Amino acid sequence: MKVLVTGGAGFIGSQVVDALIARGDSVGVVDNLSSGSRRNLNPRARLYVVDITDPAAVEAVFAQEKPEAVSHHAAQTDVRRSLADVPFDARTNILGSIHVLDGCVKQGAKNIVFASTSAIYPETQALPIPETHPLQPVSAYGVSKMTVENYLALYKLAFGLRWTAFRYGNVYGPRQDPHGECGVVAIFSGQLLAGATPTIFGDGTKTRDYIHVDDIVRGNLLALDGAGDGEVFNLGMGREVSDYEVFQGVAAALGSPVMPIFGKKRPGELDRVCLDITKAQRVLGWSPRVTLAEGMAATVAYYKKGAAQSGAKG
Ligand SMILES: NC(=O)c1ccc[n+]([C@@H]2O[C@H](COP(=O)([O-])OP(=O)(O)OC[C@H]3O[C@@H](n4cnc5c(N)ncnc54)[C@H](O)[C@@H]3O)[C@@H](O)[C@H]2O)c1
């Protein structure tokens, strides 16, 4: 199958690309390399360094590639930046996504899989949260992802485009940016390996539903093959894990005695997240396979190896 992956040089997108190429698919990648990197990119993928906010450039890639299916991962992913610069977030995540949807319709792609987020849910004690829970994002990032879900439904109705949206929990694993704003497994690993003291924003009790990137990739392949048409699915472990538990896990894996600093809670963030994943289990036959303990150990080992290699080079 011919697949176009937007954001295919990023943390998750690059691993979707690897899995597609490993099973023999032909893959084009659209990425402006703003947070992604050529280092992540499979050498057998065709890279177009294009910004999804440029409709003509996006359409030209679609015309060249003529993909049958699209995996849409390109996005501005920083929750705090989404509140600091709402127009930038909306231009990238809403208008950019519309350009990708238009590319599908104009150039004959049949199916799109969209990386949505659990950040579209409100604060709730009704955990785990099912997909049917009313949506009320507390960040512009969440609003933009929710808006694109609505456009997906519209593009199916108006133009017959098939789609699946995944509301990811907190995805972790190799290639996540340890210097970024998101992804505490990567951030704590990077900081502890650099000899810095990690800061936990809040009192450490904030919870998220962590899910390993390999499980996310498996869900994406099912949907790219046509499962779950016109549906939204939560992808997580269905388990709450606190910031402090993650810190302890990373510190234990590194054998570090360092204790974190506790900083002020940041705006735009929920206190608790735990996803109801029974719909993905029932409809897609998808279940998480990587346990948190295995996934954290492998991820920390990945960063340790990277730190050792860059230390050896330097
Ligand atoms: N990592 C998570 O925990 C998580 C959770 C929920 C949803 N998501 C979603 O999954 C997707 C991938 O996230 P990630 O964690 O791999 O982030 P990432 O930053 O590693 O990947 C995003 C990719 O998109 C590219 N990009 C950004 N703006 C672009 C633009 N204007 N034009 C073209 N390319 C652009 C970046 O260069 C990068 O390669 C995003 O849509 C994100 O919102 C991620």
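Whatever order the structure lists ligands and atoms in, that order sets their numbers, starting from 1. Residues take their numbers from the sequence shown, with the count starting at 1. In this text, all values refer to a predicted model and were calculated from it rather than measured experimentally.
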Can you say whether the rings of Y172 and H212 are parallel (under 30°), tilted (30 to 60°) or perpendicular (over 60°)?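 Rings of Y172 and H212: perpendicular, as their planes differ by over 60°.
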Looking at ligand 1, is there an atom of it that comes within less than 4.0 Å of some heavy atom belonging to [X]?
X: A9; answer: yes
X: K145; answer: yes
X: S34; answer: yes

Using a 4.0 Å cutoff against the non-hydrogen atoms of [X], which atoms of ligand 1 qualify?
X: G10; result: 20 (O), 21 (O), 38 (C), 39 (O)
X: A115; result: 9 (C), 10 (O), 11 (C), 41 (O)
X: G36; result: 36 (C), 37 (O), 38 (C), 39 (O)
X: T77; result: 13 (O), 17 (O), 40 (C), 42 (C), 43 (O)
X: L33; result: 37 (O)
X: N170; result: 3 (O)

Does only the side chain of [X] get under 4.0 Å from ligand 1, or the backbone, or both, or neither? Count heavy atoms.
X: S116; answer: backbone
X: H72; answer: neither
X: Y172; answer: neither
X: N93; answer: neither
X: V50; answer: backbone
X: T92; answer: side chain

Any Lys/Arg nitrogen of [X] or [Y] sitting under 4.0 Å from an Asp/Glu carboxylate oxygen of the other?
X: E131; Y: R167; answer: no
X: K156; Y: D229; answer: yes
X: R38; Y: D31; answer: no
X: D209; Y: R272; answer: no
X: E240; Y: R208; answer: no
X: R91; Y: D89; answer: no
X: K206; Y: D243; answer: yes

Among S14, G8, S35, A119, which residue places a heavy atom closest to atom 22 (C) of ligand 1?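 It is S35 whose heavy atom sits nearest to atom 22 (C) of ligand 1.
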So which of Y210, Y141, Y168 gets nearest to atom 43 (O) of ligand 1, if we judge by its closest heavy atom?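 Result: the heavy atom closest to atom 43 (O) of ligand 1 is in Y141.
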Would H72 and S97 satisfy side chain to side chain donor-acceptor pair (under 3.5 Å), going step by step from the backbone distance to the final call? CA-CA 8 Å; H72 181 31; S97 295; 2.8 Å; yes
Examine I52 against ligand 1 and note whether any of their N/O atoms are separated by less than 3.5 Å.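 N/O-N/O distance below 3.5 Å exists for this pair.
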Which one of L101, V113, V148, L152 satisfies the side-chain contact (heavy atoms from CB on, under 4.5 Å) criterion with W163?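 The passing option is L152.
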Quick one: nearest non-hydrogen protein atom to atom 3 (O) of ligand 1, plus distance?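 Protein heavy atom at minimum distance: V171 N, 2.8 Å.
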Would you indicate whether K304, at its atom NZ, is surrounded by more than 12 heavy atoms from other residues, nucleotides or ligands within a distance under 6.0 Å?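 For K304, atom NZ is not crowded (no more than 12 foreign heavy atoms under 6.0 Å).
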